[in-house]
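Hydrogens, waters and symmetry mates are skipped; everything else that's a heavy atom, side chains included, is used. Keep in mind that what you see is a predicted model, and the values were worked out from it rather than measured.
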Amino acid sequence: MKFHYVGGRLCLDFVGTLRYRTSAREDLLSDPQRLSDWATGAALVDAAIEITDDELAAAIALREASYRVVVARLGGGRPEAADVDLLNEHGSQPQLTPVLQPNGSVRRGGTAPQLLARLAADLLDLYAGPDFEKVKECSAAGCTRLYIDASRARNRHWCGMSTCGNRAKVQAFRARRHAGAAALEGSPSD
């Protein structure tokens, strides 16, 4: 299972680690190492971090609360109090912080709680800022990834062209070819 970072914000990419929420759910964070791999792939840390089963459970709880908060606002509703409390609790903790080394390099590391604090703070920042109005849910069948539509016309439909967008375009092409072939078969001969 490969991670895709297509949301435009770390918090949205994190929420996207549970795919197909409404159908064939696929949890990409199946064990603590997978969360560490996700954080490394997202360039939040330079190397693997130790994550316990309890910290993974806390991460999944944060991910689900984050999803519910965003979807509630997209639907014109209000977030649940428990989700608000969880986000605020994590967001107020010390976060991952890059460290400048004496040789001029930068080291990115930290702990699982610092990772969760960073992700919660990113969601709170998104929620409070102007980019939230650009957040959309992928329109591909079954996909529930959230992303920021940064296109000029604000007409992006899919979480990413390399994922759902490509599949949708291939399906549309095949449908057009099939319709064209059917039309040729049904047309009268000269």
Show me the donor-acceptor pairs, under 3.5 Å and distance only, between side chains in residues 99-107 and residues at least two apart or in other chains.
from, atom 1, to, atom 2, distance (Å)
N103, OD1, S105, N, 2.9
N103, OD1, S105, OG, 2.7

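The side-chain contact (heavy atoms from CB on, under 4.5 Å) search around D85 returns none, not counting sequence neighbours. In this structure, N88 has no side-chain hydrogen bond (donor to acceptor under 3.5 Å, both in side chains) partners at least two apart in sequence or on a different chain. Considering only residues two or more places apart in sequence or on other chains, A117 meets the side-chain contact (heavy atoms from CB on, under 4.5 Å) condition with Q93, Q95. Under the side-chain hydrogen bond (donor to acceptor under 3.5 Å, both in side chains) criterion, E64 pairs with R21, not counting sequence neighbours. S139 meets the side-chain hydrogen bond (donor to acceptor under 3.5 Å, both in side chains) test with no other residue; sequence neighbours excluded. By the side-chain contact (heavy atoms from CB on, under 4.5 Å) test, T111 is found to be paired with P113, Q114, residues two or more places apart in sequence or in another chain being considered. Remark: T144 engages no residue in a side-chain hydrogen bond (donor to acceptor under 3.5 Å, both in side chains) (not counting sequence neighbours).
Hydrophobic clustering (side-chain heavy atoms under 4.5 Å, transitive across Ile, Leu, Val, Met, Phe, Trp, Tyr) groups L56 together with L115. If you chain together hydrophobic residues whose side chains sit under 4.5 Å apart, L86 and V70 never meet in one group. Hydrophobic clustering, with ILVMFWY side chains joined whenever heavy atoms are under 4.5 angstrom apart, groups L62 together with I60.
Legend: ring-ring contact (aromatic ring centres under 6.0 Å, His included) pairs involving residues 55-93, not counting sequence neighbours: none detected. Residue pairs that meet the salt bridge (charged side-chain N to carboxylate O under 4.0 Å, His left out) test with at least one member in residues 38-49, sequence neighbours left out, are D46-R108. Residue pairs meeting the ring-ring contact (aromatic ring centres under 6.0 Å, His included) criterion with at least one member in residues 107-140, sequence neighbours excluded: Y127-F132. The stretch residues 69-82 participates, sequence neighbours left out, in these side chain to side chain donor-acceptor pair (under 3.5 Å) pairs: R73-E133.
In this structure, D13 contributes its side chain and V6 its backbone to a donor-acceptor pair below 3.5 Å. Judged purely by atom type and a 3.5 angstrom limit, D131 has no side-chain atom pairing as donor or acceptor with the backbone of L126.
For the pair R34 and D27, the salt-bridge criterion is not met [side-chain N within less than 4.0 Å of a carboxylate O].
For the pair L123 and L87, the minimum side-chain heavy-atom distance is below 4.5 Å.
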